[in-house]
Novice: 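Below: one structure in structure tokens.
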Amino acid sequence: MDARVYELINDQINKELYSAYLYLSFADYYEDEGLDGYANWYMIQAQEERDHALIFRKYLIENGESVKLLAIDQPDKTFSNHLEPLEAGLEHEEYVTSLINGIYAAAVEANDYRTQKFLGWFIDEQLEEEDTARGMIDKMKLFGDDARSLYELNQEYAARTYTTPSPLAGE
């Protein structure tokens with residue numbers, strides 16, 4: 001594996017684990033606010049991010065590379081309203097998309113077709129993540145000020161269940 005591609009993928013493991021920490025902090029905020037449905041949504045989101053780290057880890061191992069785990073930064077976000085974590089989530093997903101794109105660009109430069117194919121799942125996943133984040137923001141802006149509507153949104157997010165990502169499930 002190209003050294004730059006390896007470095008970026010190994011670093012992405014850390015970035016995905018940070019994403020899990022970040023989303024756990026969002027879940028904590030919503031728990032404190034009494035919005036257990038939103039907390040559930042972000043708890044599952046945190047689990048998905050951890051799974052993404054495991055997918056990258058598995059890919060390195062399958063390619064004969066060693067995994068070097070790094071320290072995970074502490075999330076530093078604080079929120080003053082229910083919309084702010086959602087906006088921070090979209091901003092973070094856009095950042096993760098840029099990281100995935102950077103790995104893909106390095107793989108193209110290295111003629112690493114295997115990694116390009118591997119990253120296809122993450123490219124599709126990021127499109128879905130950003131779309132979902134935008135939808136949550138739109139709903140909060142439209143309905144979040146109305147207690148009954150916020151309750152219904154909270155119930156909607158409480159119904160979310162965890163699904164193992166296909167790269168870990170063995171498709």
Side-chain angles (χ1 to χ4, degrees), residues 9 11-59 69-104 118-171:
I9 291 174
D11 190 50
Q12 190 64 30
I13 294 169
N14 179 267
K15 302 288 191 210
E16 297 291 344
L17 292 171
Y18 172 78
S19 296
Y21 269 32
L22 182 66
Y23 291 146
L24 283 174
S25 75
F26 290 10
D28 293 344
Y29 167 79
Y30 284 120
E31 283 287 351
D32 290 345
E33 292 294 307
L35 293 170
D36 59 334
Y38 280 86
N40 173 68
W41 199 92
Y42 276 111
M43 287 295 294
I44 292 170
Q45 197 64 21
Q47 192 169 2
E48 283 188 2
E49 301 303 338
R50 189 230 36 197
D51 287 349
H52 294 169
L54 295 177
I55 294 166
F56 280 109
R57 177 186 173 274
K58 180 181 175 197
Y59 183 74
L69 297 176
L70 307 171
I72 302 170
D73 291 334
Q74 177 181 352
D76 62 353
K77 304 252 185 234
T78 57
F79 307 111
S80 60
N81 64 60
H82 300 147
L83 181 61
E84 288 178 359
L86 302 177
E87 292 173 333
L90 174 58
E91 180 182 325
H92 186 72
E93 290 300 338
E94 290 170 341
Y95 169 67
V96 171
T97 297
S98 75
L99 296 171
I100 300 295
N101 290 344
I103 300 169
Y104 193 92
F118 165 74
L119 291 172
W121 183 87
F122 284 98
I123 292 167
D124 293 342
E125 177 74 2
Q126 284 309 118
L127 175 64
E128 180 184 318
E129 297 286 7
E130 289 183 26
D131 183 56
T132 299
R134 281 187 197 94
M136 291 178 77
I137 290 168
D138 290 345
K139 288 177 182 179
M140 181 63 77
K141 284 180 177 178
L142 283 170
F143 308 115
D145 290 335
D146 176 67
R148 174 174 273 162
S149 296
L150 182 59
Y151 174 81
E152 289 177 15
L153 285 174
N154 190 61
Q155 293 302 106
E156 176 184 330
Y157 297 131
R160 182 182 189 198
T161 58
Y162 170 76
T163 304
T164 304
S166 59
L168 285 181
E171 293 185 76

Novice: What side-chain donor-acceptor pairs closer than 3.5 Å can you find for residues 39-47, not counting sequence neighbours?
Specialist:
from  : atom 1 : to     : atom 2 : distance (Å)
Asn40 : ND2    : Tyr157 : O      : 2.9
Asn40 : ND2    : Ala158 : O      : 3.3
Asn40 : ND2    : Arg160 : O      : 3.1
Gln45 : OE1    : Arg160 : NH1    : 3.0
Gln45 : OE1    : Arg160 : NH2    : 3.0
Gln45 : NE2    : Glu49  : OE2    : 3.4
Gln45 : NE2    : Glu129 : OE1    : 2.7
Gln45 : NE2    : Glu129 : OE2    : 3.2

Novice: Where is the tightest heavy-atom contact between Asn154 and Gly37, given as atom of each residue plus distance?
Specialist: OD1-N, 2.8 Å

Novice: Sequence neighbours excluded, which residues qualify as side-chain contact (heavy atoms from CB on, under 4.5 Å) partners of Thr163?
Specialist: none

Novice: Verify side-chain contact (heavy atoms from CB on, under 4.5 Å) between Tyr38 and Met140, making sure each step is shown before the conclusion.
Specialist: CA-CA 11 Å; Tyr38 280 86; Met140 181 63 77; 3.3 Å; yes

Novice: Rounded to the nearest 0.5 Å, what separation is found between the CG atom of Leu150 and the CZ atom of Phe143?
Specialist: 11.5 Å

Novice: Could you state the interatomic distance from CE (Met136) to CG (Asp131), rounded to the nearest 0.5 Å?
Specialist: 12.0 Å

Novice: Within this structure, what is the CG-CD1 distance for the pair Leu86 and Ile137, rounded to the nearest 0.5 Å?
Specialist: 6.0 Å

Novice: Considering residues at least two apart in sequence or located in another chain, which fulfil the side-chain contact (heavy atoms from CB on, under 4.5 Å) criterion with Glu130?
Specialist: Leu90, Glu93, Glu94, Thr97, Arg134

Novice: Which pairs with one or both residues in residues 15-37 pass salt bridge (Lys or Arg N to Asp or Glu O under 4.0 Å), sequence neighbours excluded?
Specialist: Asp11-Lys15

Novice: Taking only residues two or more places apart in sequence or in another chain, which ones pass side-chain contact (heavy atoms from CB on, under 4.5 Å) with Leu142?
Specialist: none

Novice: Partners of Asp73 by side-chain contact (heavy atoms from CB on, under 4.5 Å), sequence neighbours excluded?
Specialist: Tyr18

Novice: State which residues pass side chain to side chain donor-acceptor pair (under 3.5 Å) with Tyr162; sequence neighbours excluded, sorted by chain then number.
Specialist: Asp51

Novice: Atom CD1 of Ile13 and atom CZ of Phe56: how far apart are they, to the nearest 0.5 Å?
Specialist: 8.0 Å

Novice: Does any donor atom in the side chain of His92 or Ser19 lie under 3.5 Å from an acceptor atom in the other side chain?
Specialist: yes

Novice: In Å, rounded to the nearest 0.5 Å, how long is the span from CD1 of Ile123 to CG of Asn101?
Specialist: 6.5 Å

Novice: Go through the steps for Gln12 and Val96 under the test side-chain contact (heavy atoms from CB on, under 4.5 Å), then give the verdict.
Specialist: CA-CA 9 Å; Gln12 190 64 30; Val96 171; 4.0 Å; yes

Novice: Residues in side chain to side chain donor-acceptor pair (under 3.5 Å) with Thr78, at least two apart?
Specialist: none

Novice: Tell me, please, which residues at least two apart from Tyr59 pass side chain to side chain donor-acceptor pair (under 3.5 Å).
Specialist: Thr115

Novice: Does atom CG of Asp145 have more than 12 heavy-atom neighbours from other groups under 6.0 Å away?
Specialist: no

Novice: Stepwise, does the side-chain contact (heavy atoms from CB on, under 4.5 Å) test hold for Trp121 with Glu125?
Specialist: CA-CA 6 Å; Trp121 183 87; Glu125 177 74 2; 3.9 Å; yes

Novice: Can you tell me how far apart OG1 (Thr164) and CG (Leu54) are? Round to the nearest 0.5 Å.
Specialist: 11.0 Å

Novice: Tell me every residue that passes side chain to side chain donor-acceptor pair (under 3.5 Å) with Asn81, counting only those two or more places apart in sequence or in another chain.
Specialist: Glu84

Novice: Quick one: which residue pairs count as a salt bridge (Lys or Arg N to Asp or Glu O under 4.0 Å) with a foot in residues 146-157, not counting sequence neighbours?
Specialist: Lys139-Glu156

Novice: Indicate the ring-plane relationship of Phe79 and Tyr29, choosing parallel, tilted or perpendicular according to the 30° and 60° boundaries.
Specialist: perpendicular

Novice: Kindly give the heavy-atom pair with the smallest separation between Phe26 and Pro85, and that separation in Å.
Specialist: CE2-O, 3.2 Å

Novice: With sequence neighbours left out, write down each residue that passes salt bridge (charged side-chain N to carboxylate O under 4.0 Å, His left out) with Glu87, or none if nothing qualifies.
Specialist: none

Novice: Taking all heavy atoms of Ile9 and all of Ile103, pick out the closest pair and write down the distance.
Specialist: CG1-CG2, 3.8 Å

Novice: Kindly indicate whether the side chain of Phe122, heavy atoms from C-beta on, has any atom under 4.5 Å from the side chain of His52.
Specialist: yes

